[in-house]
Structure formats: structure tokens, C-alpha cells
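These notes concern the structure reproduced below.
Heavy-atom basis, side chains included; hydrogens, waters and symmetry copies ignored.
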Amino acid sequence: IDATRALLASLTSLPRPPVSLLCASAIGYYGHRGAEPLTEASAPGTGFLAEVCRDWEQAAATAADFGTRVVHLRIGVVLARDGGLLGRLLTPFRFGLGGPVGHERQYLSWITIDDVVGAVRHILGSATLRGPVNLVAPEPATNAEFARTLADVLQRPALLRTPAFVLRLALGQMAAELILASARVVPTMLLQTGYAFRHPRLAEALRHLLRTPAHG
């Protein structure tokens with residue numbers, strides 16, 4: 001938040017401030033909301049991450065006072081082969097040691113790295129698009145669905161479950177806000193402005209990222 005304020009103090013002092021400012025935020029803005037569909041118009045949630053995202057967006061929004069178009073990128077769980085959540089899960093799942101985490105019914109709002117880049121390019125080219133934009137795929141998955149789909153793509157079982165209390169013991173508050181929280185986020189603004197997702201469905205997205213052919 002302080003870094004964003006310092007950056008804006010420099011940018012807005014320029015004779016010609018930037019036309020657009022895209023500021024990274026996150027779907028953590030919505031907090032833990034169960035199965036409630038969440039659009040860009042939904043209210044912020046509660047908790048540390050939700051408060052940080054809210055205050056971060058408020059800091060970036062002041063650039064609009066100087067004529068700069070501001071877009072808040074509320075980024076979901078980014079899937080990429082070599083990092084992030086998927087990178088951490090591949091080894092246990094490949095050894096047949098993967099499975100759902102916590103109560104299994106929490107929603108995971110994901111997006112591939114390809115669509116993050118594609119969505120940013122789309123936003124840069126859409127001059128009228130401003131404010132919050134959810135960077136997530138159109139079909140969020142429950143934790144159980146995600147584990148089952150990943151196991152199916154890898155042709156491995158997904159029988160083991162990590163109980164929520166184990167994660168809380170290991171990670172404390174971050175377990176609740178990063179792993180166990182449920183946010184069923186919908187990319188309303190991207191869909192309304194015509195963005196064509198490269199990977200809208202989870203199974204196809206995982207096969208693309210892992211270069212695994214379809215089977216069955």
C-alpha cells in the first residue's frame with residue numbers, strides 16, 4: 001500500500017500522467033464466502049487479506065483523480081506448470097499421494113497463466129474498462145473437483161485428504177485465508193467485454209499445462 005502511494009505520488013506529478021494504471025489485487029478481496037457467486041460488484045470480505053486488497057485498491061484508485069484509467073486486477077489462483085499451487089501439487093499427485101484439502105467443498109477460483117496474460121492484453125486494449133476486473137476462469141471448481149480432475153489428468157488416484165486442522169497447525173491464519181477459504185468468483189467484466197478464454201474448463205487447462213493427452 002505504501003509502495004503504491006509512493007509510486008502514484010511520482011506518476012501524478014508528471015506533466016503527462018499515464019493513460020492507464022493496472023494494479024494487481026486478488027480475489028482475497030472477497031474473503032471467505034462459501035458458495036456465493038461473487039462478481040466485481042460484490043462487497044469486500046473480512047480478514048487480513050481482504051483488508052489488504054481493499055486498502056491497496058483504494059490507494060491505487062486515487063490515480064483516477066488525475067485522469068488515469070485505473071483497473072484493479074483481482075487475480076485468482078494462477079495455474080502454471082512450474083510454480084504456484086499446481087507446481088507444488090504435481091509431485092504428491094504423481095506419486096498417488098494427492099487429494100482434497102480441508103472440507104473439500106470450498107471453491108477454488110483458478111485461471112491459467114496464459115489467460116492472465118491474455119486478459120491483461122485485453123484490458124489494455126479496452127479503453128472503457130476500468131475499476132475491478134476478476135481474473136478467473138468462468139468455471140470455478142470445488143477443492144474436491146480440482147483434486148479429482150488433476151488426478152484424472154495424471155491418471156493417478158486421489159484418495160488422501162489433508163484435514164483442515166493439520167493446515168491450521170502448520171500455517172495458522174494463512175491456512176484459513178489462503179487454502180481453506182472459499183471464493184466462488186465469476187469473471188463478469190471479462191465476459192461482458194468479449195474476452196475469449198483460452199482455457200475456460202479445468203480438465204482442458206490442466207491437460208494443456210501438463211501436455212497430457214485426453215484419455216478415457
Side-chain angles (χ1 to χ4, degrees), residues 1 3-4 7-8 11 17-30 37-42 49-50 52-54 56-57 59-61 63-64 68-91 93 107-141 143 145-146 149-150 153-154 178-179 181 183-214:
I1 295 167
T4 298
L7 176 63
L8 291 185
L11 293 178
V19 173
S20 300
L21 172 67
L22 275 60
C23 185
S25 184
I27 60 172
Y29 175 93
Y30 302 109
L38 301 167
T39 72
E40 288 85 354
S42 298
L49 290 180
V52 168
C53 290
R54 181 198 64 203
W56 195 354
E57 291 186 10
T68 296
R69 175 176 69 114
V70 180
V71 181
H72 307 293
L73 308 175
R74 292 180 182 166
I75 305 171
V77 176
V78 180
L79 300 183
R81 181 186 181 93
D82 299 322
L85 176 67
L86 183 59
R88 292 174 181 268
L89 291 178
L90 283 180
T91 297
F93 268 81
Y107 273 88
L108 181 71
S109 295
W110 58 275
I111 185 171
T112 65
I113 186 68
D114 299 333
D115 272 318
V116 171
V117 175
V120 168
R121 289 172 60 91
H122 171 78
I123 293 167
L124 285 171
S126 303
T128 60
L129 187 54
R130 61 188 66 231
V133 178
N134 292 333
L135 268 62
V136 294
E139 298 183 4
N143 191 279
E145 291 168 343
F146 185 89
T149 304
L150 178 57
V153 168
L154 294 173
L178 287 175
I179 301 175
R184 187 181 181 181
V185 184
V186 182
T188 302
M189 295 305 298
L190 287 178
L191 293 174
Q192 287 182 350
T193 55
Y195 177 68
F197 280 86
R198 291 163 170 79
H199 311 293
R201 296 177 178 82
L202 182 59
E204 182 276 329
L206 292 174
R207 281 195 292 267
H208 167 77
L209 292 170
L210 303 177
R211 300 296 191 273
T212 303

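Atom OG1 of Thr149 is separated from atom CZ of Arg201 by 13.0 Å, given to the nearest 0.5 angstrom. Ile123 contributes atom CD1, which lies 5.0 Å from atom CG of Leu135 (distance to the nearest 0.5 angstrom). The CG atom of Leu86 sits 6.0 Å away from the CG atom of Leu79 when rounded to the nearest 0.5 Å. Atoms OH and CG, on Tyr107 and Leu38 in that order, are 11.0 Å from each other to the nearest 0.5 Å. The distance from atom OH of Tyr30 to atom CG of Leu49, rounded to the nearest 0.5 Å, is 14.5 Å. Rounding to the nearest 0.5 Å places OH of Tyr29 at 10.0 Å from CG of Asn134.
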request  = Could you give me the CA-CA distance, side-chain angles and deciding distance for Leu85 and Leu108, then say whether side chain to side chain contact (heavy atoms under 4.5 Å, CB included) is met?
outcome  = CA-CA 11 Å; Leu85 176 67; Leu108 181 71; 4.0 Å; yes
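You'll find the side chain of Leu210 reaches within 4.5 Å of the side chain of Leu150, heavy atoms only. Using a 4.5 Å heavy-atom threshold, the side chains of Val78 and Ile113 count as touching. Residues Leu11 and Pro17 have side chains not in contact (no heavy-atom distance under 4.5 Å, counting atoms from C-beta outward). Inter-residue side-chain proximity for Phe197 and Leu191 is flagged as met; some heavy-atom pair is nearer than 4.5 Å. In this structure the side chain of Glu40 never reaches within 4.5 angstrom of the side chain of His72, judged on heavy atoms. At least one side-chain heavy atom of Leu89 sits less than 4.5 Å from a side-chain heavy atom of Phe146.
Residues Ala60 and Leu21 share a closest heavy-atom pair of O-CD2, 4.0 Å. Of all heavy-atom pairs between Val70 and Ala63, the closest is CG2-CB, 3.8 Å. The two residues Ile75 and Ala24 have their closest heavy-atom pair at CD1-CB, 4.4 Å. Closest of all the heavy-atom pairs between Pro37 and Ser42 is O-OG, 4.2 Å. The two residues Cys53 and Ser25 have their closest heavy-atom pair at CB-OG, 3.7 Å. Heavy atoms only, all atoms of each residue included: Ser126 and Arg69 are closest at O-NH1, 2.8 Å.
In this structure, the side chain of Ser109 engages the main chain of Ala183 through a donor-acceptor pair within 3.5 Å. A side-chain donor-acceptor contact under 3.5 Å links Asp115 to the backbone of His199.
Applying the salt bridge (charged side-chain N to carboxylate O under 4.0 Å, His left out) test to pairs two or more places apart or on separate chains, none has a residue in residues 127-137.
Residues passing the salt bridge (charged side-chain N to carboxylate O under 4.0 Å, His left out) test with Glu204, sequence neighbours excluded: none.
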